[in-house]
Number of protein chains: 2
Amino acid sequence: MNDVARLAGVSQTTVSFVLNDVEGANIPPETKDRVLAAVKELDYRPNALARGLRSSQTHTIGFVTDRIAITPYAVRTLEGAQDLAWANGYLLLLVNTGGDQRLKQIAVDMMLERQVDGIIYATMYHRPVKPPANMLEVPAVLINCYTDDHSIASVVPDEVLGGRTAVETLLQKGHRRIGFALDSNPVPAAVGRLVGYKQALAASNIPFDPNLVQTAESIASGGYQATMALMSLPDPPTAIFCYNDRMALGAYNALRDLNLAIPDDIAVIGFDNQELIAADIAPPLTTMALPHYEMGQWGVQYLLQLIENPEQTQQNPPIQHILPCPLIERASV
Amino acid sequence: MNDVARLAGVSQTTVSFVLNDVEGANIPPETKDRVLAAVKELDYRPNALARGLRSSQTHTIGFVTDRIAITPYAVRTLEGAQDLAWANGYLLLLVNTGGDQRLKQIAVDMMLERQVDGIIYATMYHRPVKPPANMLEVPAVLINCYTDDHSIASVVPDEVLGGRTAVETLLQKGHRRIGFALDSNPVPAAVGRLVGYKQALAASNIPFDPNLVQTAESIASGGYQATMALMSLPDPPTAIFCYNDRMALGAYNALRDLNLAIPDDIAVIGFDNQELIAADIAPPLTTMALPHYEMGQWGVQYLLQLIENPEQTQQNPPIQHILPCPLIERASV
DNA sequence: TTAAATTACTAATACGTATTAGTAATTCCT
DNA sequence: AGGAATTACTAATACGTATTAGTAATTTAA
């Protein structure tokens with residue numbers, strides 16, 4: 001900046017004023033042009049460290065996650081966050097901790113050392129978390145997770161509505177006996193979708209039959225087992241709602257082994273919209289999409305509000321935002 | 001640091017010496033303990049901006065990519081890079097540009113403003129690139145891509161060896177007529193794998209039959225078409241090598257429609273090891289894995305060498321590292 | 001015993017910016 | 001015409017650290 005000032009024949013202060021477009025500085029256009037010309041001439045690039053040191057903001061956001069790539073579609077959270085940050089002139093500082101609590105602590109410390117303006121904490125599965133305490137030294141938002149006391153702003157998918165929508169889709173096609181191949185782990189997604197399943201049935205005055213809910217591991221083999229169990233019922237379902245697309249893939253395998261055609265003999269609906277599975281199998285799978293990209297966007301957008309407008313944004317208790325899961329119609333219903 | 005110094009009854013210089021373990025500073029253990037106690041007492045955390053400003057290194061690496069999430073398994077590149085950076089006390093500053101050349105330029109500028117110690121440029125598909133010129137102001141490494149003049153260090157997968165290994169696997173099982181469902185785009189992966197296909201045949205003295213190579217779009221429907229074309233040959237193959245797992249999924253669909261059993265009637269081998277597809281379909285798909293995680297690791301590891309040991313590491317011409325694609329045996333061969 | 005070397009520190013400074021408090025010179029108002 | 005207001009700047013400083021060049025006090029070597 002001093003070099004630029006010298007070349008333009010002004011002071012470093014003036015250069016700073018010009019580059020930051022400081023109002024009330026009264027720099028006439030000719031001077032501005034001279035400075036800008038010098039900037040171009042010298043190929044000057046500001047030093048964000050010095051700027052950050054002086055103004056104590058870095059336009060950088062820390063993004064902490066337990067495991068980036070374990071579920072591919074969840075990477076879209078990162079993408080949504082990155083896109084929105086980028087659109088606002090922010091960059092993301094990334095750490096995935098692999099789930100180790102001590103690492104999380106250290107990760108946040110490293111980010112705080114680098115003076116991030118805020119921190120996003122995202123999990124790949126929807127679940128409760130205990131984020132490291134030091135995270136609260138700056139504005140923070142949780143994505144796809146929440147603390148039990150809801151003391152931190154968060155975004156999560158609407159599992160209940162998602163489950164209800166899936167089942168309502170089947171009901172609308174005339175199905176009355178609807179099986180549910182459910183994750184045996186009582187994670188928030190499983191609990192919520194089951195609530196939605198029951199809500200939809202109740203709204204159509206269909207009694208809940210516990211035999212129609214078969215739990216298993218939430219992978220293809222689990223979907224296979226659950227489907228086999230459902231189809232061996234004395235009064236088997238005409239449609240199966242699968243907890244996720246992996247289980248739906250298992251259901252496809254099972255129904256093929258039973259010589260049942262989808263969707264003619266039996267309808268299948270999934271959850272997650274894992275494109276590589278859902279769009280490519282035969283027939284293409286109708287499924288519910290998780291709003292990962294949108295959660296990433298919302299998280300960063302809200303974080304930026306917290307950063308730039310703390311008083312107006314901060315709510316008490318902190319906001320818990322819920323995003324719907326859109327239905328992706330293909331050919332399996 | 002001044003607060004710590006005051007509490008410990010020493011100068012800020014001494015605190016700096018203690019915290020950085022400066023050799024030749026001759027700080028006796030008692031003084032060290034006093035300083036460390038003050039650090040703990042005050043919960044002191046160094047300011048990385050000030051440190052970076054003074055010492056001109058930030059322990060931060062820029063990671064630029066065209067599109068993070070388009071191919072889920074490719075996210076493992078990011079994961080490998082992040083893990084190795086983390087292990088060495090570095091953090092990753094992330095941008096995905098969506099492929100816009102101007103954005104790349106700006107992205108790199110934003111990273112340079114933040115004084116990154118080096119830059120990784122990664123693409124999700126193996127291909128030639130023209131990285132922005134300003135990237136070379138700091139040490140740089142390309143992952144899964146290369147410049148035509150090979151003027152920048154890079155890591156790429158060994159497509160030729162991968163193709164050869166896939167075909168050799170089929171040859172070893174006794175197959176003599178091996179179809180190839182190939183991407184119709186002449187991208188490096190397609191070209192390389194075809195070379196490997198020919199090499200393997202030649203090594204077994206099997207003449208190359210152009211009819212056995214059917215090109216199509218590298219998605220499930222393309223795999224379906226190519227498989228149908230291959231199987232309607234007067235002398236159809238007994239095994240099909242698919243350019244990628246998505247095409248293999250299409251091949252599965254086609255073979256099912258033809259009432260052919262895998263692997264009894266016909267063997268199928270894929271490429272990419274997209275776990276969600278390969279492991280979950282019936283039968284599980286034998287495929288070649290791309291070394292994404294390893295490329296990410298190698299890229300950062302080499303970049304750190306470039307940063308910390310420029311003279312010893314720098315080669316002329318720059319190193320072009322090639323990583324093998326391991327065979328993942330499942331049940332389709 | 002005394003000069004030289006070592007030990008255990010500290011004062012001062014630079015890194016590159018943003019910002020505050022000013023100051024001449026000009027313009028405006030009555 | 002003369003004071004007030006405005007314009008167009010600049011000098012100086014602080015942000016928090018790492019590093020250089022020292023300096024007293026103590027220990028060692030001859």
Side-chain angles (χ1 to χ4, degrees), chain A residues 1-39 42-60 89 109-117 137-138 308, chain B residues 1-36 38-39 42-60 89 109-117 137-138:
Chain A
M1 230 179 208
N2 281 304
D3 294 344
V4 171
R6 207 168 303 125
L7 183 59
V10 296
S11 70
Q12 178 261 322
T13 304
T14 300
V15 176
S16 178
F17 283 167
V18 171
L19 291 183
N20 295 315
D21 222 2
V22 174
E23 51 187 324
N26 285 324
I27 314 284
E30 309 87 59
T31 308
K32 249 180 212 179
D33 290 347
R34 241 172 40 243
V35 170
L36 263 16
V39 163
L42 295 177
D43 223 350
Y44 165 79
R45 174 187 305 124
N47 182 320
L49 298 185
R51 184 200 298 255
L53 182 58
R54 177 62 232 236
S55 60
S56 45
Q57 46 167 318
T58 54
H59 287 263
T60 303
D109 268 327
M110 287 181 70
M111 291 177 163
L112 292 176
E113 283 183 11
R114 285 165 174 76
Q115 315 296 120
V116 292
D117 295 333
E137 294 183 27
V138 291
E308 288 164 6
Chain B
M1 233 181 207
N2 280 303
D3 295 343
V4 172
R6 207 168 301 123
L7 182 59
V10 297
S11 70
Q12 179 260 322
T13 305
T14 300
V15 175
S16 178
F17 284 166
V18 170
L19 291 182
N20 295 315
D21 221 2
V22 174
E23 51 188 322
N26 286 322
I27 315 283
E30 308 87 61
T31 309
K32 248 180 215 179
D33 290 347
R34 246 178 30 248
V35 169
L36 262 15
V39 163
L42 295 177
D43 223 350
Y44 165 79
R45 177 187 302 125
N47 182 319
L49 298 184
R51 184 199 297 257
L53 181 58
R54 177 61 232 234
S55 61
S56 43
Q57 45 166 318
T58 53
H59 288 263
T60 302
D109 268 327
M110 286 181 72
M111 291 178 163
L112 292 175
E113 283 182 11
R114 285 165 173 78
Q115 313 298 118
V116 292
D117 295 333
E137 293 183 27
V138 291

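Worth knowing before you read on, the calculation uses all heavy atoms, side chains too, and leaves out hydrogens, waters and symmetry mates. Chain A is the first sequence line, chain B the second, and so forth, proteins listed ahead of strands; every chain is numbered from 1.
Between the axis at the start and the axis at the end of the helix from C:dT1-D:dA30 to C:dT30-D:dA1 there is an angle of 40°, using five pairs per end and rounding to 10 degrees.
Annotation: side chain of A:Asn20 is in contact with side chain of A:Ser16 (closest heavy-atom distance under 4.5 Å).
The two atoms that bring B:His59 and A:Arg114 nearest to each other are O-NH2, 2.7 Å, heavy atoms only. Of all non-hydrogen atoms in B:Val35 and B:Ala8, the two that sit nearest each other are CA-CB, 4.0 Å. The two residues B:Pro46 and B:Arg51 have their closest heavy-atom pair at CB-NH2, 3.4 Å. The minimum heavy-atom distance between A:Leu53 and B:Leu49, with the atom names listed, is N-CD1, 3.7 Å. The minimum heavy-atom distance linking A:Met1 with A:Leu19 is given by the pair CE-CD1, 3.9 Å. Residues B:Asp117 and B:Val138 share a closest heavy-atom pair of O-CB, 4.1 Å.
Rounded to a whole Å, the CG atom of B:Asn47 is 13 Å from the C1' atom of C:dC15. Protein atom CG of A:Leu53 is 13 Å distant from nucleotide atom P of C:dT19, rounded to whole Å. If you measure from atom CZ of B:Arg45 to atom C1' of D:dC15, you get 17 Å, rounded to the nearest angstrom. One can place CG of B:Asp3 at 14 Å from C1' of D:dC15, the figure rounded to the nearest angstrom. Residue A:His59 contributes atom NE2, which lies 15 Å from atom P of C:dT17 at whole-angstrom precision. Straight-line distance from the CG atom of B:Leu49 to the C1' atom of D:dA18: 15 Å, rounded to whole Å. Whole-Å rounding puts the B:Gln57 CD to C:dC15 C1' distance at 14 Å. One atom, CZ of A:Arg51, and another, P of C:dA18, lie 5 Å apart when rounded to the nearest Å.
The CZ atom of A:Arg6 sits 9.5 Å away from atom CG of A:Leu42, with the distance rounded to the nearest 0.5 Å.
Nearer to the 5' terminus of DNA chain C, by closest-nucleotide assignment, is the contact made by A:Ala50 (compared with the other of A:Ala50 and A:Val22).
Residue B:Asn20 places at least one side-chain N or O closer than 4.0 Å to OP1 or OP2 of D:dA18.
Applying the side-chain hydrogen bond (donor to acceptor under 3.5 Å, both in side chains) test to residues at least two apart or on different chains, none of the pairs has a partner in residues 23-37 of chain A.
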Set out, line by line, the N/O atom pairs under 3.5 Å between protein and nucleotides 6-14 of chain C.
| from | atom 1 | to | atom 2 | distance (Å) |
| --- | --- | --- | --- | --- |
| C:dC9 | OP2 | B:Thr31 | OG1 | 2.5 |
| C:dT10 | OP1 | B:Ser11 | N | 3.3 |
| C:dT10 | OP2 | B:Ser11 | N | 2.7 |
| C:dT10 | OP2 | B:Ser11 | OG | 2.7 |
| C:dT10 | OP2 | B:Thr14 | OG1 | 2.6 |
| C:dA11 | N6 | B:Thr13 | OG1 | 3.0 |
| C:dA12 | N6 | B:Thr13 | OG1 | 3.4 |
| C:dA14 | N3 | B:Arg54 | NH1 | 3.4 |

